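Below: the structure, in structure tokens.
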Number of protein chains: 2
Amino acid sequence: MATFDAEAIAAAFGKYLKRKNLKVTAERLNILAEALATEGHFEADDLLVILRKKNRKTSRATIYRTLVILAEGGFLRKICLGDRAAQFEKSTGQPRHDHLICLGCGTKFEFVLPELPDLQDRLCRQFGFAKSDYCFQIFGLCADCAAAKNE
Amino acid sequence: MATFDAEAIAAAFGKYLKRKNLKVTAERLNILAEALATEGHFEADDLLVILRKKNRKTSRATIYRTLVILAEGGFLRKICLGDRAAQFEKSTGQPRHDHLICLGCGTKFEFVLPELPDLQDRLCRQFGFAKSDYCFQIFGLCADCAAAKNE
DNA sequence: TTGATTGCAAATCCTTTGCAGGGAA
DNA sequence: TTCCCTGCAAAGGATTTGCAATCAA
């Protein structure tokens with residue numbers, strides 16, 4: 001049901017690795033595959049658990065090292081959602097979105113602000129800044145938690 | 001040269017503490033005072049060092065515990081700028097601004113996007129979300145670093 | 001007096017690193 | 001063959017926590 005082609009991305013990752021003089025290893029491909037198969041956010045440890053379950057054991061160190069490569073290559077996006085551990089999400093196959101994060105129940109709602117890209121571009125032009133990424137989160141209480149609080 | 005009244009804020013903090021059944025202690029007031037006296041961002045450890053220098057020794061644990069209270073009370077804002085340690089800044093006496101962060105040299109440029117509050121309000125209304133705070137950062141290369149890279 | 005607060009040290013949690021053996025090119 | 005990678009275990013850094021002593025109310 002993916003709106004993107006995991007195989008094509010794996011191939012692109014392979015090319016990327018070679019271009020950077022990095023080696024194409026089973027571990028790296030497995031990590032990418034699981035990252036792409038994950039809906040929504042995940043953290044390093046999630047991948048570790050999933051890979052273990054599938055008997056594709058990979059050390060924590062390798063996962064961390066590979067996540068850095070994947071984020072630098074633009075295959076994944078690292079996002080800070082206020083959790084302790086760094087969160088990641090795949091950067092392909094879905095429109096760029098940001099999050100409303102409920103401080104009550106922890107639910108994360110995705111949203112798209114269509115005006116945001118233009119505003120950012122204008123701003124970056126003013127500063128002569130070459131944007132590579134951004135992060136935008138809104139914290140507060142979701143409708144349910146807000147209602148519960150007012151009861 | 002503060003555009004805000006530190007004493008008034010300290011008084012408000014005192015009231016806030018009482019309202020929450022927390023005690024007004026010298027440690028808590030000292031921490032607030034130093035936080036207000038700091039221009040720009042700081043992290044927990046910065047306060048520790050400053051307080052030590054001033055012979056207002058306070059344990060690291062108390063600083064962390066107090067920062068949580070101050071952030072919850074809205075006296076400080078916790079911001080994630082991609083550093084390892086959590087960053088804070090006072091939430092009064094300055095217009096709300098966000099940051100362009102250069103991945104090359106680490107410089108943080110402040111900016112204000114006047115449209116942002118309205119966009120967020122509209123969005124939160126759509127979701128029935130009660131916003132309490134947000135965080136917005138743009139990562140990339142500043143003009144200097146971008147120029148250096150292209151040389 | 002009484003329960004909250006502090007400081008200390010230990011404990012956690014996430015992440016990074018050094019190193020020796022194994023593997024891609 | 002030649003480095004690059006991996007896994008392991010240890011190191012690291014930030015933050016939290018348990019506990020006994022201390023202090024605000």
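Chain letters run A, B, ... following the sequence lines, proteins first and then strands; every chain starts at 1. Everything numeric in this text was worked out from a predicted model, so none of it was measured.
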Give the rounded distance in Å between these two atoms: CG of B:D83 and C1' of D:dG13.
13 Å
Expressed as a whole number of angstroms, how long is the span from B:N30:CG to C:dT6:P?
11 Å
Between the side chains of B:E89 and B:H41, is a donor N or O closer than 3.5 angstrom to an acceptor N or O?
yes
Compare side-chain N and O positions of B:T62 against OP1 and OP2 of C:dG7 and report whether any pair is under 4.0 Å apart.
yes
Charged N to carboxylate O under 4.0 angstrom, A:R52 versus A:D45?
no
Do side-chain atoms of A:K90 reach the backbone of A:T38 as a donor and acceptor pair under 3.5 angstrom?
yes
Rounded to the Å, how far apart are A:E27 CD and C:dG22 C1'?
10 Å
Residue pairs, two or more places apart or on separate chains, that pass ring-ring contact (aromatic ring centres under 6.0 Å, His included) and touch residues 104-131 of chain A
A:F111-A:F136
Within this structure, what is the CG-to-C1' distance between A:L47 and C:dT15, rounded to whole angstrom?
15 Å
Tell me whether B:D98 is salt-bridged to B:K108, with the criterion being a basic N under 4.0 Å from an acidic carboxylate O.
no
For each nucleotide in nucleotides 15-25 of chain D, reading 5' to 3', give B when a protein heavy atom comes within less than 4.0 Å of its base, S when such contact involves only the sugar-phosphate, and - otherwise.
BBBB-----BS
Spacing of A:I69 atom CD1 relative to D:dT6 atom C1', expressed in whole Å
12 Å
Once the angle between the rings of A:F13 and A:Y16 is folded into 0 to 90°, is it parallel (under 30°), tilted (30 to 60°) or perpendicular (over 60°)?
parallel
Report the distance from atom CD1 of B:I31 to atom C1' of C:dG7, rounded to the nearest whole Å.
12 Å
